Amino acid sequence: MSDLSNGAIADALDELGDLYELDGAVVHRVLAYRNAAKAVRDAPLSVAQLTRDGAVTTLPGIGATLAQKITDLLDSGDIPAAIKLRERYPEGLLAITALPGLGPKRARRLFDELGIDSPAALRAAADAQRIRTLKGFGAKGEAAIIAALEAGGAERPRTRVVLDRALAIADVIATALAEIAPTAQIEIAGSARRRADSVKDLDIVVDHASLLDDLGGLEVIETASRTSASAARGRTHTGMTVELRAVAPEQFGNLLQHLTGSGAHNAALRERAVRAGLHISEYGVLDDATGVTHHCVSEAEVYALAGLPYIEPELRENRGEIETAASGTLPRLIELSDIRGDLHAHTTASDGRASIEEMALAARERGHEYLAITDHSATHGFGDDVSPEQLRRQIELVHEADAAIEGIRLLAGSEVNILPDGAPDYEDALLAELDWVIASVHTSFALDGDAMTERMCRAAGHPLIDAIGHPTGRLIERRPPYELDIEALIAACASTRTMLEINSNPDRRDLNEVHARAAAAAGAAILVNSDAHSTERLGAMRYGIWTARRAWLTAADVANTLPWAELAARLKRPR
DNA sequence: GCCGTTTTCGGCCCGACTGTTTTCAGTCG
């Protein structure tokens, strides 16, 4: 039987926080639950296991009370306090608090005074003009509620945009603004700058206020308006919100740091600063001792005033980076230029668009020393499968191309399917002829967690499988990971010297940053691969690198920063 | 509810915006 996942525990804590908030608890108590939920969600270890070991209070923000609540959850499947509060506050009330402008306080008044317990009841009351009779709610508020309900705010969370689409638009906007004001400083901020999997909107910081009036004229912008003397907001034709903020050059670092976030990072940074008598805001750093507000041209100055070294945007998620920075032990994060080769790429032999030669030349152009050709295997289907006979021919073709093309080592590989029983879909004798084998799940996603975990651990134990590709199968914003005990897989890979991939396809980025950090901590070797299906997509590698950086990885944690000869020597079957 | 190179108690980031307000609470990022 598998334990509750960190995500499930975090969801339970978030729900309890929401319920306490409806119940009128002091905000700091509610915040404590939110912080604890985040700590659990970001934890690189099994929180269930930590709890059973009596060590869960080592996580930041989890004390004796929350440890007991997590223990109750693991023992009985629920938290007693949550059961009690759910009886008092109907589920529909939480849906109401999801509407813009309606928080817990106002939702409670609607519930207490008008008996409104669902979005439908809210709509009926608004239509009957009963809401405006409440103190604090006017006709305007009533109209805003109707508008929010009609926008569907209570049913579906707003969709987020996957990072590559967001960056593509951000680059177009930044380039267009730079053409208008060539001397302006223009920076993308927000979660896009932190290289998160997806973003809600785009934040852009400029030091030329005149640019605020140019936003609406850009080709990618559908509508735009000034929202204040220093800000403009636009909407792209794709429906994404763009916030443009202008600031004086001497305060550029303050605003960029503020808008890059994350919110949790900034809150933790500011709490630390307060203990030193400093107040950090988007406008400057106020020193209590002198009464002086320091302006910062660069972010590095903001951190320096707080007594810290510069912290890379990818680390700013309040996952321990502030404490680690304070102790002077931040890792030197991996960079794209550290990568020496790519061990996952497709050609026209399966579902790729380019030939072996085209992929080889494009990889060489990118500075790679080696490239593994890993087309799909015998059972792939969709007409993309490579029969054993075709694979034998492909091996010859790859070796011929390797001999013919100077400056890059080509490896004859395959991306084999992991069958539901954990076996690869080629005979071992054929696998043994390959230079490189990466194994992935492409079928039977719906196995239960135990079966999927056994399937993948068995694959990791296969002597001829070198690496596991896109280990959780998730597609960002589209498909959740399949049921899998990722820690068990990581342990299996570490003990069998099977490498784990960070797949760089921007829709995958799989392993994600939390799992990649856990894998490196467990001693498993990580790969960052493009999974390119065309020459251009070899460039997707940067997304995997960003995930690796968000996982705190250094070049030493990633195997394909090594020359091929050194990497090959570390494989379970040295070649 | 958590936490401590000012604290085991008394704090807990900062500011903008909104609407309904004669001075502010609630919400949001």
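Fair warning: this is a prediction, and the values are worked out from it, not measured in the lab. Residue numbers begin at 1 in each chain, while the letters A, B, ... track the order of the sequences. Both backbone and side-chain heavy atoms feed into the values below; hydrogens, waters and symmetry mates do not.
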Among A/Arg108, A/Arg29, A/Arg34, which residue satisfies the salt bridge (Lys or Arg N to Asp or Glu O under 4.0 Å) criterion with A/Glu21? A/Arg34

Could you work out the separation of [N] and [M] based on their [atom1] atoms and round it to a whole Å?
| N | M | atom1 | result |
| --- | --- | --- | --- |
| B/dC14 | B/dT20 | P | 30 Å |
| B/dT6 | B/dC12 | C1' | 16 Å |
| B/dG10 | B/dC17 | C1' | 30 Å |
| B/dA16 | B/dG11 | P | 25 Å |
| B/dG1 | B/dT8 | C1' | 14 Å |
| B/dG15 | B/dT21 | P | 27 Å |

Heavy atoms under 4.0 Å, any strand shown: does A/Ile280 hit a base, just sugar-phosphate, or nothing? sugar-phosphate

Under 3.5 Å donor-acceptor, A/Ser191 side chain and A/Arg194 backbone: no

So, does A/Arg195 use its side chain to make a donor-acceptor pair with the main chain of A/Arg542 at under 3.5 Å? no

Taking the side chain of [X] as its heavy atoms from C-beta onward, which of [options] lies nearest to it?
| X | options | result |
| --- | --- | --- |
| A/Tyr20 | B/dA16, B/dG1, B/dC14 | B/dG1 |
| A/Lys105 | B/dG1, B/dA16, B/dG26 | B/dG26 |
| A/Val26 | B/dG1, B/dG15, B/dG26 | B/dG1 |
| A/His279 | B/dC14, B/dG1, B/dT27 | B/dC14 |

Atom-to-atom span, [atom1] of [X] to [atom2] of [N] - whole angstrom:
| X | N | atom1 | atom2 | value |
| --- | --- | --- | --- | --- |
| A/Asp14 | B/dG1 | CG | P | 15 Å |
| A/Arg193 | B/dG29 | CZ | C1' | 18 Å |
| A/Ile79 | B/dG1 | CD1 | P | 11 Å |
| A/Arg34 | B/dC2 | CZ | P | 16 Å |
| A/Glu282 | B/dC14 | CD | P | 12 Å |
| A/His265 | B/dG29 | NE2 | C1' | 16 Å |
| A/Asn35 | B/dG1 | CG | P | 14 Å |
| A/Ile145 | B/dT27 | CD1 | C1' | 13 Å |

Could you check B/dT20 for me: syn (within 90° of 0) or anti? anti

Among residues 42-68 of chain A, which contact DNA chain B at a heavy-atom distance under 4.0 Å? A/Pro60, A/Gly61, A/Ile62, A/Gly63, A/Ala64, A/Thr65, A/Leu66

Are any of the side-chain nitrogens in A/Arg319 or A/Glu513 under 4.0 Å away from the carboxylate oxygens of its partner? yes

A/Arg193/A/Glu299 ion pair, N-O < 4.0 Å: yes

Every protein N/O lying under 3.5 Å from an N/O of nucleotides 18-21 of chain B:
from	atom 1	to	atom 2	distance (Å)
B/dT20	OP1	A/Gly138	N	2.4

B/dT8 - base-pair partner by Watson-Crick or wobble geometry, distances under 3.5 Å: none

Where do N or O atoms of nucleotides 4-11 of chain B meet protein N or O atoms at under 3.5 Å, pair by pair?
none

Find which nucleotide of DNA chain B each of A/Thr227 and A/Arg270 is nearest to by heavy atoms, and output the residue with the more 5' nucleotide. A/Arg270

Sort out for me which residue in A/Thr554, A/Leu553, A/Asp557 forms a side-chain contact (heavy atoms from CB on, under 4.5 Å) with A/Pro331. A/Thr554

Keeping to residues at least two apart or across chains, list the side-chain hydrogen bond (donor to acceptor under 3.5 Å, both in side chains) pairs with something in residues 123-139 of chain A. A/Arg123-A/Asp127, A/Arg123-A/Glu150, A/Arg132-A/Glu142

Just jot down the ring-ring contact (aromatic ring centres under 6.0 Å, His included) partners of A/Trp546, sequence neighbours excluded, or say none. A/Tyr543

Non-neighbouring partners of A/Glu250 that pass salt bridge (charged side-chain N to carboxylate O under 4.0 Å, His left out), sequence neighbours left out: none

Run A/Arg41 and A/Asp14 through salt bridge (Lys or Arg N to Asp or Glu O under 4.0 Å) and show every step you take. CA-CA 11 Å; A/Arg41 198 169 277 119; A/Asp14 267 330; 3.1 Å; yes

Please report the C-alpha distance between A/Asp23 and A/Lys84 in whole Å, then the side-chain angles of each, then the deciding distance to 0.1 Å, and finally whether the salt bridge (Lys or Arg N to Asp or Glu O under 4.0 Å) criterion is met. CA-CA 11 Å; A/Asp23 200 42; A/Lys84 264 175 96 170; over 6 Å; no

A/Tyr303 and A/Gln257: side chain to side chain donor-acceptor pair (under 3.5 Å), yes or no, with the steps? CA-CA 9 Å; A/Tyr303 288 101; A/Gln257 195 282 326; 3.1 Å; yes

Verdict with reasoning, A/Arg245 to A/Asp203, per salt bridge (Lys or Arg N to Asp or Glu O under 4.0 Å): CA-CA 8 Å; A/Arg245 291 280 299 268; A/Asp203 295 293; over 6 Å; no

Can you tell me if the side-chain N/O atoms of A/His28 get under 4.0 Å from OP1 or OP2 in B/dG1? no

